[in-house]
*Asks:* 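Supplied in structure tokens, the structure appears directly below.
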Amino acid sequence: MEAKTALIIVDLNNDFLPGGALGVAGGDVILPVINKLAGGGDYATVVATQDWHLGDHVSFETWPAHCVAGTFGAELHADLNQANVHAVIRKGFDQDVDSYSGFYDERGATNGLAELLKARGIERVDIAGIATDYCVKATAIDAVLRAGLKARVLLEACRGVGVHPGDIDQAIEAMRTAGVEIVDGTL
Ligand code: VGL
Ligand code: ZN
């Protein structure tokens with residue numbers, strides 16, 4: 001890869017995998033794909049985000065309680081190989097403000113991810129994880145529009161929620177419109 005590229009692994013918390021509070025179908029299928037990406041030596045930096053909400057978080061007005069700080073559901077899945085993960089960025093930490101994006105919360109406060117990537121000279125990010133139509137989408141759009149990075153979303157290594165039919169396709173279109181490259185093929 002020419003540009004210095006990072007892999008961002010989004011929200012592989014137990015609660016987003018099958019059996020979890022907000023389990024996403026096929027979430028388990030992407031784990032080995034992501035491990036291969038993270039361990040393949042292609043990335044200058046690998047980071048992971050972790051949804052992390054204190055009790056009574058504002059997000060629980062929209063979603064069932066999930067990723068409650070300190071619980072098993074909030075932990076990243078044990079099958080995610082973290083050997084090459086430089087940092088885990090927690091998001092949604094502040095009680096009264098959610099953060100779908102790994103980069104900035106809904107009030108625009110940084111989660112520290114952009115600064116870390118900048119310090120390491122990263123110009124481009126590949127994004128994988130859960131959920132395509134929420135946190136992957138928000139992270140990818142922020143990468144381009146606010147963090148000034150080039151971004152690709154690796155669809156084979158992502159899974160979406162799809163609360164309404166068409167949500168995932170709409171999310172893909174919104175990412176494309178923002179300038180995110182969508183990689184839709186076998187990795
Ligand atoms: C997410 C809903 C609530 C996600 C996080 O990771 O996509 N979705 N919190
Ligand atoms: Zn959440």
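Scope of the values below: all heavy atoms of this structure, side chains included, with no hydrogens, waters or symmetry mates.
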*Asks:* If you look at every heavy atom in V153 and C158, which pair is closest and at what distance?
*Replies:* CG1-SG, 3.9 Å
*Asks:* Flag the pair Q82 / V88 as yes when at least one side-chain heavy-atom distance between them is below 4.5 Å, and no otherwise.
*Replies:* yes
*Asks:* Taking the side chain as everything from C-beta on, heavy atoms only, tell me whether E181 gets closer than 4.5 Å to K150.
*Replies:* no
*Asks:* Are F60 and H66 near enough that their ring centres are under 6.0 Å apart?
*Replies:* yes
*Asks:* Compare every heavy atom of C135 with every heavy atom of K91, then report the nearest pair and how far apart it is.
*Replies:* NZ-SG, 3.3 Å
*Asks:* Sequence neighbours left out, cut at 3.5 Å: what donor-acceptor pairs do the side chains of residues 101-116 make with other protein atoms?
*Replies:*
| residue | atom | partner | partner atom | Å |
| --- | --- | --- | --- | --- |
| S101 | OG | F103 | N | 2.8 |
| S101 | OG | Y104 | N | 3.3 |
| S101 | OG | D142 | OD2 | 2.7 |
| D105 | OD1 | R107 | N | 2.8 |
| D105 | OD1 | G108 | N | 3.0 |
| D105 | OD1 | A109 | N | 3.0 |
| R107 | NH2 | D96 | OD2 | 3.2 |
| T110 | OG1 | G112 | N | 2.9 |
| T110 | OG1 | E115 | OE1 | 2.9 |
| T110 | OG1 | E115 | OE2 | 3.3 |
| N111 | ND2 | S99 | OG | 3.1 |
| N111 | ND2 | S101 | O | 3.2 |
| N111 | ND2 | G102 | O | 3.1 |

*Asks:* Is there a side-chain contact between I182 and L155, using heavy atoms and a 4.5 Å cut-off?
*Replies:* yes
*Asks:* Verify side chain to side chain contact (heavy atoms under 4.5 Å, CB included) between R124 and R152, making sure each step is shown before the conclusion.
*Replies:* CA-CA 8 Å; R124 194 169 85 163; R152 309 195 304 174; 4.1 Å; yes
*Asks:* So, does Q50 use its side chain to make a donor-acceptor pair with the main chain of I89 at under 3.5 Å?
*Replies:* no
*Asks:* How far does CD1 of I127 sit from CG of L154, to the nearest 0.5 angstrom?
*Replies:* 8.5 Å
*Asks:* Side chain to side chain contact (heavy atoms under 4.5 Å, CB included) with V144: which residues, sequence neighbours excluded?
*Replies:* A151, V180
*Asks:* To the nearest 0.5 Å, how far apart are CG in D133 and CD1 in I172?
*Replies:* 9.0 Å
*Asks:* Rounded to the nearest 0.5 Å, how far apart are NE2 of H57 and OG1 of T62?
*Replies:* 10.0 Å
*Asks:* Hey, is the main chain of D11 close enough, under 3.5 Å, to the side chain of T49 for a donor-acceptor pair?
*Replies:* yes
*Asks:* If every non-hydrogen atom of L76 is compared with every non-hydrogen atom of L80, which pair is closest and at what distance?
*Replies:* CD1-CD2, 4.2 Å
*Asks:* Looking only at heavy atoms, what is the nearest atom pair of A174 and K137, with distance?
*Replies:* CB-CE, 4.1 Å
*Asks:* Restricting to ring-ring contact (aromatic ring centres under 6.0 Å, His included), what partner residues turn up for Y134, sequence neighbours left out?
*Replies:* W63, Y100
*Asks:* Is it the case that the side chain of H53 and the backbone of G92 share a donor-acceptor pair, with hydrogens and angles ignored and the cut-off at 3.5 Å?
*Replies:* yes
*Asks:* Can you give me the closest heavy-atom contact between V136 and T132, atom names plus distance?
*Replies:* CB-CA, 3.7 Å
*Asks:* D184: which residues meet the salt bridge (charged side-chain N to carboxylate O under 4.0 Å, His left out) condition with it, sequence neighbours left out?
*Replies:* none
*Asks:* Holding to salt bridge (charged side-chain N to carboxylate O under 4.0 Å, His left out), I want the full list of residues that pass it with R176, two or more places apart in sequence or in another chain.
*Replies:* E173
*Asks:* Side chains of V58 and Q95: does their closest heavy-atom pair fall under 4.5 Å?
*Replies:* no
*Asks:* Which heavy atom of I168 sits nearest a heavy atom of V161, and at what distance?
*Replies:* CD1-N, 4.3 Å
*Asks:* Do L12 and V85 belong together in a cluster built from hydrophobic side chains that touch within less than 4.5 Å?
*Replies:* yes
*Asks:* Can you list, pair by pair, the side-chain donor-acceptor contacts under 3.5 Å of residues 13-41, counting residues two or more places apart and other chains?
*Replies:*
| residue | atom | partner | partner atom | Å |
| --- | --- | --- | --- | --- |
| N13 | OD1 | D51 | N | 3.2 |
| N13 | ND2 | D51 | O | 2.7 |
| N13 | ND2 | A74 | O | 2.8 |
| N14 | ND2 | F72 | O | 2.8 |
| N14 | ND2 | E75 | O | 3.4 |
| D15 | OD1 | A21 | N | 3.1 |
| D15 | OD2 | C67 | N | 2.7 |
| N35 | OD1 | N81 | N | 2.7 |
| N35 | ND2 | D79 | O | 2.8 |

*Asks:* Establish whether I8 and Y43 are linked, either directly or via other cluster members, by ILVMFWY side-chain heavy-atom contacts under 4.5 Å.
*Replies:* no
*Asks:* Under 4.5 Å between side-chain heavy atoms, hopping through other hydrophobics if needed: is there a path connecting I9 to W52?
*Replies:* no
*Asks:* Does any part of the side chain of L149, heavy atoms only, come nearer than 4.5 Å to the side chain of L117, both counted from C-beta?
*Replies:* yes
